[in-house]
Q: 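Please see the structure below; I have some questions.
Proteins get letters first, then strands, A, B, ... in listed order; numbering begins at 1 in each. The analysis underlying the following values was restricted to heavy atoms, covering all of them including side chains, and did not include hydrogens, waters or symmetry mates.
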Amino acid sequence: MREKLIEKGLLLVAFSAVAMIFLIAYLIFREGVPLVAKVGVWDFIASTRWAPSKGSFGILPMIVGSLEVTLLAVIIGATLGLSCAMFLAEFAPRWSVRILKPMIELLAGIPSVVYGFIGVVVLIPFIRRTFGGPGFSVLAAAIILGIMILPTVIAISLDALNAVPPLYKEGSLALGATRWQTLHRVVLPAARSGIIAAFILGMGRAIGETMAVIMVAGNALTMPTSLLQPVRTLTSNIALEMGYASGDHQAALFATGMVLFVIIAILNTIALVIARPRT
Amino acid sequence: MITHSSSRGLARLFVVAALLLPLGCSRASKTAITLAGSTSVEPFAERLAELYTRAHPDAEISVQGGGSSAGIRACQSRICAIGMSSRELTPEEKGLVEIPIAHDAIALIVNARNPVRVMTLEQARDVFAGRIRNWKELGGPNQRITPITREEGSGTRASFEEKVMVAGMPKDKDGKANPAAFAPDALVQDSNGSVREIVASDPAAIGYISSGLIDERVAAILLGGVAPTEATIRSGRYPVVRQFLFLTNGEATGTAKAFIEYVLSDSGQRTLTEEGLTRIK
Amino acid sequence: MILRPLAWQRIVWFALAAMTLFTLVVLFFIIGFITSKGAHVITLKFLFGMPERMGKEGGILPTIIATIYISLLAIAIATPIGVGSAVYLCEYTRESPITRVIRFGADALAGVPSIIFGLFGFILFVIRLRMGWSLLAGGLTLAFMILPTIIRTSEEAIRAVPYNLREVSYSLGGAKSQTIVRVVLPNALPGILTGVILGMGRSVAETAVVIFTAGSSLLMPKSLFDPARTMAVHFYILAREGLSMERAYGTALLLIIAILLINVVAYLLMYRLTRKMR
Amino acid sequence: MDSKLSTLDPLNPRPLEPSLPKLETRNSKLETQNLNVFYGNFQAVKSVSIAFPCKAITAIIGPSGCGKSTLLRSLNRMNELVDGARIKGTILLDGSDIYRLSVLELRKRVGMVFQRPNAFPLPVFDNIAYGPRIHGTNNGSELQAIVERCLRSVHMWDEVKDKLNDSALRLTDEQRQRLCIARMLAVEPEVLLMDEPCSALDPIATLRIEDLMRSLKEKYCIVIVTHNMQQAARVSDYTGFMLLGVLKEFGTTKQIFTTPRETDTENYISGRFG
Amino acid sequence: MGKRLILRGVNLDIEANTIVSVIGPAHSGKTTLLRVINRLIETQREFMRSGDVLLDDAEVRRLDIDVLRRRVGLIFATPVPLPGTIFDNIAYGPRLQHHHRRQQLADLVEHSLRSAFLWDEVKDRLSTSALRLSGGQQQRLCIARTIAVDPEVIMMDEPTSGLDPISTAQIETAMRELKKQYTWVLVTNNTKQAARVSDKVAFFLSGELIEMGEAAQIFTKPKDPRTDDYVSGRIG
């Protein structure tokens with residue numbers, strides 16, 4: 001009897017996360033859907049002109065911008081992060097891993113605004129001097145986000161690599177394989193789903209990041225055609241304009257959030273399908 | 001027993017955490033009020049609140065940013081006693097009491113190293129509409145211009161649009177000119193401060209901010225040959241001027257009333273002037 | 001393959017070592033940069049003084065206090081919910097539609113960008129529930145933001161408790177709840193703590209959510225219903241508005257030190273808790 | 001303490017004297033001389049000298065913790081995967097020190113099968129082709145031939161020839177263990193080391209793996225570690241008995257199981273302890 | 001376990017105060033049998049059973065599950081000390097029932113440790129971690145822990161498979177000494193051990209009880225040829 005009660009109570013608690021996600025979705029969609037209905041789905045997501053006070057609500061440049069920045073950031077973060085994780089897992093001496101791993105996890109806790117700020121004072125002037133232009137650009141945003149997600153990618157993929165049963169490694173080494181052969185032919189495939197999970201989490205952080213992006217991306221409303229052009233992402237659109245928005249403008253920002261929501265859901269689903277371990 | 005002591009330890013942790021929090025059930029003092037709204041007004045309101053509470057230690061005034069719309073919304077739902085707005089209210093938002101507290105000129109600024117110092121309104125319009133793209137065309141060095149504007153909905157941007165972007169534009173039959181659109185590749189920043197910081201660090205940049213926030217790293221452009229000074233602003237010769245508003249839901253009472261009175265008083269207005277605004281009275 | 005396996009391995013070694021070095025240099029540059037620029041700002045007056053002139057002068061005590069309150073509040077709310085959910089998922093159900101729904105909820109929540117949490121918290125807690133900008137609204141919103149992290153790490157920690165420990169408890173006549181309270185949770189505690197620390201770190205570092213829900217008032221918060229400005233928000237405003245770069249660096253350095261302290265305290269706590277078990 | 005144990009003094013076991021009648025080993029393939037293996041301060045193997053003959057199965061038996069696995073793993077230097085492992089003494093493969101070979105070459109020549117079937121989470125084909133590929137064979141038809149030959153020699157070709165692209169994890173325990181043996185054969189080793197290869201299998205599968213071992217004996221030197229005395233008696237030609245890190249006795253299987261010279265061996269064989 | 005049939009038509013009668021060994025090769029269902037008896041199997045995946053398990057003529061599924069498990073103790077193949085002190089380990093079971101005072105508990109701990117022949121080795125370090133004990137000591141600790149809840153039957157699942165010969169001998173001694181108080185069921189894949197300690201032996205193969213009888217009879221003249229194959233080492 002008592003056991004049953006405990007079970008029911010815990011079930012209730014466990015559903016709070018579900019309740020919350022539905023509440024969030026409900027609130028965002030309730031504000032956003034009427035506007036999208038008014039403007040038209042196609043005009044909303046496929047038009048390039050954003051001038052809410054003039055009745056134009058096109059967010060295509062921001063969708064493209066978000067995806068471009070995120071993709072680039074993940075490429076940077078994943079390359080560096082996975083290399084780092086592989087090195088720490090297989091080649092670095094144990095003592096150094098014991099020191100470095102907590103340090104890297106610590107770096108995950110640095111506020112994103114600090115990363116953004118360093119972007120403004122170090123990276124932007126560097127890009128401006130080296131490549132010309134304003135410096136605030138797709139490239140700057142991608143580099144900052146790529147660095148920001150590094151600790152997450154390293155920590156999680158390192159865990160995934162370490163979770164591969166030593167049996168597999170032994171089996172490969174006993175056949176006369178080098179450690180690198182073992183790593184890339186057996187350990188990496190076996191850790192595949194964990195590593196992809198690391199990339200997904202990194203991607204999630206990158207696409208959802210707001211403040212750091214506002215600081216370095218330039219937030220212009222053009223369709224980004226070059227890496228050196230300023231760009232506005234969906235998240236920064238919301239954070240930039242929410243403060244002064246009212247009426248349809250505000251609804252359009254909620255609708256932006258809605259689109260972001262849907263994009264993240266799609267990306268997560270794709271990633272989950274890829275990551276599903278082959279049985 | 002470990003299982004016992006450690007769960008007790010965890011429990012203790014939470015008790016300590018809970019005790020650390022002041023579990024007040026209502027606001028600590030009846031004289032506390034909140035101001036919320038425009039980030040342009042926020043720094044000035046904070047300064048005023050600081051001085052006011054120094055003279056009235058029993059009063060507590062907290063100042064929030066969030067933007068004009070958030071302030072208006074919070075004021076409508078009585079979440080804050082006084083809203084702050086740097087833009088005019090839309091028809092749907094009317095109904096709140098509007099109290100202008102200061103004039104604010106919007107200055108066009110460039111990096112102090114930039115030799116260009118004078119522009120006509122039309123030139124300023126063309127720079128921000130993306131029709132003039134090189135400083136050479138304005139008598140400066142051969143360098144691409146990086147215009148920086150504010151985000152859609154910002155009061156500063158609205159005033160700038162209304163006064164500068166309409167200059168020389170064809171008028172429709174009501175006699176109203178349609179403002180030129182901002183260049184889509186202009187950088188967008190969401191506060192006066194960040195616009196100033198970018199201009200201060202990039203010789204090719206140009207932006208517009210509250211004239212009160214100009215410092216030595218940036219220079220104000222003489223718009224149509226007029227500098228934003230108190231005299232030109234009060235006389236209306238400087239073309240881009242707006243009002244900062246305090247908003248209340250119904251007549252203000254208590255601390256809110258006293259604070260508004262202080263702001264409109266001579267010493268309050270003097271403070272605003274010191275901080276770079278132009279007095280309303 | 002033209003290269004011999006060992007030669008190939010050596011090349012890979014150098015490539016990976018170079019990438020790792022580069023990564024570490026970048027990450028440590030960030031810390032070094034902030035430290036070199038901010039160290040001289042941190043004085044007792046800075047730590048324990050009240051801010052003046054919007055933070056251009058004076059100290060940052062209210063933001064430190066606000067940061068502590070809001071992050072403790074967030075974990076105090078999120079931990080019981082998160083651990084409870086994890087216990088339910090691990091101990092009370094097998095894979096079923098119910099667990100899939102719960103996991104979907106947690107995963108979806110983890111994917112929600114912080115700006116959307118900010119909007120949500122603003123509408124629900126600040127406006128609808130009339131909490132105003134307050135520590136409470138901020139803490140609640142942050143709690144739901146970090147909930148998925150806590151659920152996920154607790155779940156992993158609970159699953160990592162060897163199954164045979166539960167069997168021992170059962171075979172000595174322990175009921176399920178007794179087994180969970182006396183065997184599973186104490187043994188999962190280090191892992192759970194890691195999740196809590198991660199969540200606390202995220203609350204300390206979060207900016208967007210806090211601006212929307214707890215506001216940015218520089219006054220000392222006196223109750224849960226007072227608005228407040230956390231260190232991260234203060235840093236953002238200082239840096240963004242160009243109020244005082246020096247103080248921005250100082251605040252950033254303090255933030256990093258705070259995260260470091262949280263980690264160290266957690267490590268010590270974990271050490272204390274596990275020492276008796278080893 | 002039980003009186004039956006009085007003859008056993010495990011705390012002070014005497015090493016096998018080199019003066020003991022030396023086993024007549026027709027051409028020994030692999031040999032240890034005075035081998036000591038340490039993990040940190042713990043000595044797991046104490047002065048073991050043993051020779052493993054060609055084309056024969058040698059079994060190492062002994063109770064848990066006697067060092068038999070450690071001995072086996074030091075023969076292809078797999079013990080080095082444990083931190084703090086080191087050895088003292090000599091190990092000879094075809095009369096030359098194994099430490100003069102590269103570790104890759106050594107492990108190629110001395111293959112190993114583990115207690116738990118550790119087929120890689122890859123398709124069956126890739127499992128077998130793994131060894132040849134890492135040693136430089138990339139020709140498709142050549143690999144095809146190797147895979148077929150190896151699967152045939154473990155009597156598995158007919159069972160899996162249609163599922164070469166299925167994941168190896170879908171096979172039964174026994175099939176996976178055979179696959180591991182086939183995978184090892186694909187690199188053409190000279191010595192096969194087997195670490196309790198049947199302990200996870202049921203009796204029928206065990207018997208079949210044992211048959212396989214007998215058929216492989218024609219070509220290889222096989223060393224098997226087992227805690228199952230009966231298995232040693234069934235399959236091996238020579239048997240060594242280890243106790244607490246010491247090789248107590250070594251001889252033909254028949255001799256060890258019928259007329260052991262050491263009392264410890266006799267006690268263990270007859271089931272008085274262990 | 002899924003759809004596999006693990007145990008088939010098993011009829012087994014275990015008398016009080018005897019040591020019964022269950023032998024058989026891997027995968028013959030020995031461990032499952034123990035888990036069916038104390039219903040630990042119910043905590044695992046889907047499982048179905050038909051037939052009855054009677055403890056003193058009462059079907060185990062009718063008993064309160066906590067009571068059943070206190071009456072029928074189980075020792076696992078690898079010693080599983082709970083993380084915590086030696087004292088905590090022994091006191092775990094009694095504390096679950098709450099009503100124990102400090103002194104009572106101390107007495108009970110001493111009694112249990114003495115019964116498992118561990119008291120002299122650990123009496124000075126009851127408050128150190130149980131994980132610091134050697135493998136053999138840990139397994140005796142597990143026996144003492146089971147004794148502390150005062151069971152009637154103690155089932156052991158290959159309790160010495162990971163232990164060295166000396167520890168094995170100590171545990172076997174403890175079993176023989178405690179035979180008067182408890183009924184023992186010993187699952188082992190070591191036929192020699194079964195021969196050393198048990199009164200009766202049951203031989204399982206592929207989930208079936210092939211033969212049960214006095215230890216001497218099973219090992220010298222088994223009735224079933226499959227038993228003969230196994231005890232003589234032709235299979236397994």
Q: Looking only at atom types and distance, does a side-chain atom of B/Glu152 sit under 3.5 Å from a main-chain N or O of A/Ser53, one as donor and one as acceptor?
A: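 Present.
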Q: Can you say whether B/Thr156 sits under 4.5 Å from chain A via the side chain, the backbone, both, or neither, judging by heavy atoms?
A: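 Neither part, no heavy atoms under 4.5 Å.
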Q: Hey, is CE on A/Met223 packed in by over 12 heavy atoms from elsewhere, all under 6.0 Å?
A: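 Yes, because the 6.0 Å sphere around CE of A/Met223 holds more than 12 heavy atoms from other groups.
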Q: What's the separation between atom CG in B/Leu187 and atom CG in A/Leu221, rounded to the nearest 0.5 Å?
A: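 That separation rounds to 11.0 Å.
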Q: Using a 4.5 angstrom heavy-atom cutoff, name the option from B/Gly65, B/Ala70, B/Ser68, B/Gly37 with the most pairs to chain A.
A: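 With the most close heavy-atom pairs to chain A, the winner is B/Ser68.
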Q: Which answer fits B/Thr39, side chain, backbone, both or neither, if we ask what part of it has an atom under 4.5 Å from a heavy atom of chain A?
A: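 For B/Thr39, backbone and side chain are both near chain A.
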Q: Side chain from CB out, backbone as N, CA, C, O: work out which of these in B/Ala186 comes under 4.5 Å of a heavy atom of chain A, or both, or neither.
A: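 Contact with chain A involves the backbone of B/Ala186 alone.
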Q: Give a yes or no on whether A/Lys101 atom NZ has more than 12 heavy-atom contacts from other residues, nucleotides or ligands under 6.0 Å away.
A: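 Yes.
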Q: Report the option among B/Glu92, B/Gln189, B/Glu197 that has the most heavy-atom pairs separated by less than 4.5 Å from atoms of chain A.
A: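 Among B/Glu92, B/Gln189, B/Glu197, the one with the most close pairs to chain A is B/Gln189.
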Q: Please classify the contact of B/Arg157 with chain A as side chain, backbone, both or neither, using a heavy-atom distance under 4.5 Å.
A: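 Neither part, no heavy atoms under 4.5 Å.
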Q: Relative to chain B, which of A/Gly133, A/Pro230, A/Ala220 shows the most heavy atom pairs under 4.5 Å?
A: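 Among the listed options, the one with the most contacts to chain B is A/Ala220.
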Q: When rounded to the nearest 0.5 angstrom, what is the spacing between CG in B/Asp190 and CE in A/Met215?
A: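 The CE atom of A/Met215 is 10.0 Å from CG of B/Asp190, to the nearest 0.5 Å.
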Q: With a 4.5 angstrom heavy-atom cut-off, which part of A/Glu241 approaches chain B: side chain, backbone, both or neither?
A: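 Looking at A/Glu241, backbone and side chain both touch chain B.
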Q: Just wondering, are more than 12 heavy atoms of other shown residues or ligands nearer than 6.0 Å to CD in B/Gln76?
A: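 Yes - once you tally the heavy atoms of other residues, nucleotides and ligands closer than 6.0 Å, there are more than 12.
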Q: Check each atom of B/Ser38 against the heavy atoms of chain A and say whether the ones under 4.5 Å are side chain, backbone, both or neither.
A: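 The answer is both parts of B/Ser38.
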Q: Taking A/Asn219 for the side chain and B/Val188 for the main chain, is one N or O donor matched with an acceptor at less than 3.5 Å?
A: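 Judged by distance alone, yes, a pair lies under 3.5 Å.
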Q: Roughly how far, to the nearest 0.5 Å, is CZ of A/Phe136 from CD1 of B/Ile198?
A: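 Between atom CD1 of B/Ile198 and atom CZ of A/Phe136 there are 3.5 Å.
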Q: Can you tell which part of B/Ser194 gets under 4.5 Å to a heavy atom of chain A, answering side chain, backbone, both or neither?
A: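 Neither part.
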Q: Between chain B and each of A/Pro52, A/Ser236, A/Pro61, A/Gly135, count heavy-atom pairs under 4.5 Å; write down the option with the most.
A: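 Between A/Pro52, A/Ser236, A/Pro61, A/Gly135, the count favours A/Pro52.
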Q: Got a second to check how far A/Arg232's CZ is from B/Glu151's CD, nearest 0.5 Å?
A: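 One gets 8.0 Å once the value is rounded to the nearest 0.5 Å.
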Q: Report, as yes or no, whether the 6.0 Å neighbourhood of atom NZ on B/Lys171 holds more than 12 heavy atoms from other residues, nucleotides or ligands.
A: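 No, because the 6.0 Å sphere around NZ of B/Lys171 holds 12 heavy atoms or fewer from other groups.
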Q: For chain A, which of B/Thr146, B/Asp185, B/Asp202 has the most heavy-atom pairs under 4.5 Å?
A: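 That would be B/Asp202.
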Q: How many angstroms lie between atom OG of B/Ser201 and atom CZ of A/Arg128, to the nearest 0.5 angstrom?
A: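 The distance works out to 4.5 Å.
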